[in-house]
Amino acid sequence: QMQEKAKEIYMTFLSSKASSQVNVEGQSRLNEKILEEPHPLMFQKLQDQIFNLMKYDSYSRFLKSDLFLKHKRTEEEEEEPPDTQTAAKRASRTYNT
């Protein structure tokens, strides 16, 4: 069962012919032979690389994008006065910006 799932993940995301190929460094790519003996951490290095790309590249660019900034301004204009906000809601807004 693990071998089937590993092959599905590989063919969908990691193969050079993948339908939804993700951007990973060339040396991080897996050889198809590894699919013959899958193990639970076989994709860990790739997962970490993708997570870091999202965290330090995509997400930070999104926070600076016109789309996000416009939505944030709209939300702030519709926001309740600070007196009626709960402390948790204020903290959440502070943490997420």
Verdict with supporting geometry, Lys72 and Leu63, side chain to side chain contact (heavy atoms under 4.5 Å, CB included)
CA-CA 10 Å; Lys72 184 178 173 187; Leu63 291 178; over 6 Å; no

Minimum heavy-atom distance between [X] and [Y], given as atom pair plus value:
{"X": "Ala6", "Y": "Phe43", "result": "O-CZ, 3.6 Å"}
{"X": "Lys64", "Y": "Leu69", "result": "O-CD1, 3.5 Å"}
{"X": "Phe68", "Y": "Phe62", "result": "CB-O, 3.2 Å"}

So, Thr12 side chain and Ile9 main chain: donor-acceptor pair closer than 3.5 Å or not?
no

Do side-chain atoms of Asn52 reach the backbone of Asp48 as a donor and acceptor pair under 3.5 angstrom?
yes

Distance check, rounded to the nearest 0.5 Å: [X] atom [atom1] versus [Y] atom [atom2]?
{"X": "Ile50", "Y": "Lys55", "atom1": "CD1", "atom2": "NZ", "result": "15.5 Å"}
{"X": "Met54", "Y": "Ser60", "atom1": "CE", "atom2": "OG", "result": "11.5 Å"}
{"X": "Met11", "Y": "Gln21", "atom1": "CE", "atom2": "CD", "result": "11.0 Å"}

Matching residue for Lys5 among Met2, Gln3, Glu8 - test: side-chain contact (heavy atoms from CB on, under 4.5 Å):
Glu8

Is Met42 reachable from Phe13 through a run of I, L, V, M, F, W or Y residues, each pair having side-chain heavy atoms under 4.5 Å apart?
yes

Hphob cluster co-occupancy, Leu53 + Val22, side-chain heavy atoms under 4.5 angstrom
no

Counting only heavy atoms not in Gln44 (residues, nucleotides, ligands), do more than 12 fall under 6.0 Å from its CD?
yes

